[in-house]
Amino acid sequence: SDTNRWEMGLLHRADWQAKWIGLGAEGAESLTTDHVRWIWYPEGNPLQSAPAGDRFFCYDISVREGKRVERATLYAVADNTYNAYVNGKAVGSGGAWQNWNRHSIEESLHAGSNRIQIRANNTDGPAGLATAIVIRYADGTSEQFGTDSKWHSQNSEEQGWLGERHDLANWKSAMVLGEKIGRAHV
């Protein structure tokens, strides 16, 4: 016999049901960017135009002694690209300043002082870097850190800059490029 084909759609409104797929509320990360600022190495006006090339950024955070880190995330955006490190270990890279990139960093952290290191690259035009670090402890408490003028910056790569104890005495304070980061998509 000949091959026939038959299709039928869902006939009743109640048949059309769906549930969003994704990270549930218990695993969702709460990111507040009120404390995050766009930064860059202090040269000229990076909001208008910055020299092409790599710039280097470091910031020390403290993980509370005696507390277990359940989850730790580094969010980052850069105009144009970046490579991120925690205590000298590569944890991720990205670009496209309009969207946050998310990197899991709990495996790279330890109790006490930890160093966040970023190599950012500007290809031309404006330049900027913004990061937010969210640490959630097993007891339900959390901490957030963000880019601001307390970050150290350098315009050339120093030997050993990825070391946890590298001396930042000759590094400059990062230049804050605005009041708030504004809107970026997580």
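This structure is a prediction, so every number in the text was calculated from the model and none was measured.
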Problem set entry | Donor-acceptor contact below 3.5 Å, side chain Asn101 vs main chain Gly94 | no
Problem set entry | For the student: nearest non-hydrogen atoms of Asn122 and Pro51, plus distance | ND2-O, 3.5 Å
Exercise. Do you reckon Leu162 sits in the same ILVMFWY cluster as Val86, going by side-chain contacts under 4.5 Å, direct or chained?
Worked result: no
Problem set entry | Residues that Asn114 engages under side-chain contact (heavy atoms from CB on, under 4.5 Å), provided they are two or more places apart | Ile61, Val63, Asn87, Leu109, His110
For this session: Starting at SG of Cys58, measure out to CD of Gln117 and round the result to the nearest 0.5 Å.
Result: 5.0 Å
For this session: Among Lys150, Arg165, Arg115, find the residue that satisfies the salt bridge (charged side-chain N to carboxylate O under 4.0 Å, His left out) test when tested with Asp60.
Result: Arg115
Exercise. Under a single-linkage definition using a 4.5 Å side-chain heavy-atom cutoff for Ile, Leu, Val, Met, Phe, Trp and Tyr, are Phe145 and Leu168 assigned to the same hydrophobic cluster?
Worked result: no
Problem set entry | Those residues that, when tested against Glu157, pass side-chain contact (heavy atoms from CB on, under 4.5 Å) (two or more places apart) | Phe56, Arg119, Trp161
For this session: Go through the steps for Val77 and Trp38 under the test side-chain contact (heavy atoms from CB on, under 4.5 Å), then give the verdict.
Result: CA-CA 9 Å; Val77 290; Trp38 283 102; 3.5 Å; yes
Exercise. Got a second to check how far Lys89's NZ is from Ile105's CD1, nearest 0.5 Å?
Worked result: 11.0 Å
Problem set entry | Working for side-chain contact (heavy atoms from CB on, under 4.5 Å), residues Lys67 and Asp139 | CA-CA 8 Å; Lys67 288 191 141 196; Asp139 65 5; 2.8 Å; yes
For this session: Test Leu177 against every option in Asn45, Leu47, Ile39 by the side-chain contact (heavy atoms from CB on, under 4.5 Å) rule and name the one that passes.
Result: Leu47
For this session: Only counting residues at least two apart or in another chain, list the ones meeting side chain to side chain donor-acceptor pair (under 3.5 Å) with Ser173.
Result: none
For this session: Return the minimal non-hydrogen interatomic distance between Ala50 and Ala127, and the atom names on each side.
Result: CB-CB, 3.6 Å
Problem set entry | Glu106: side-chain contact (heavy atoms from CB on, under 4.5 Å) partners, not counting sequence neighbours | Val69, Arg71, Ala72, Ser104
Problem set entry | Between OG1 on residue Thr147 and CD1 on residue Ile116, distance to nearest 0.5 Å | 12.0 Å
Seminar exercise, completed: Here the gap from Ser93 atom OG to Asn121 atom CG, rounded to the nearest 0.5 Å, amounts to 12.0 Å
Exercise. Who passes ring pair (Phe, Tyr, Trp, His ring centres under 6.0 Å) against Tyr59, sequence neighbours left out?
Worked result: Trp151
Exercise. With Ala84, which residues qualify under side-chain contact (heavy atoms from CB on, under 4.5 Å), at least two apart?
Worked result: Leu74, Tyr82, Val91, Ile118
Exercise. Among the clusters formed by ILVMFWY side chains lying less than 4.5 Å apart, do Tyr41 and Met175 turn up in the same one?
Worked result: yes
Exercise. Of the non-hydrogen atoms in Ala130 and Val36, which two are nearest, and what is the gap between them?
Worked result: CB-CG1, 4.0 Å
Problem set entry | Interatomic spacing from CH2 in Trp40 to CG in Asn155 - rounded to 0.5 Å | 11.0 Å
Exercise. Are Trp100 and Leu129 connected in a single hydrophobic cluster, I mean Ile/Leu/Val/Met/Phe/Trp/Tyr linked by side-chain heavy atoms less than 4.5 Å apart?
Worked result: yes
Problem set entry | Ile133 CD1 to Thr73 OG1 distance, which is reported to the nearest 0.5 Å | 10.5 Å
For this session: Might you point out which heavy atoms bring Ala111 and Glu65 nearest each other, and give the distance in Å?
Result: CB-OE1, 3.5 Å
Seminar exercise, completed: For Val176 and Ser149 the tightest heavy-atom approach is CG2-N, 3.5 Å
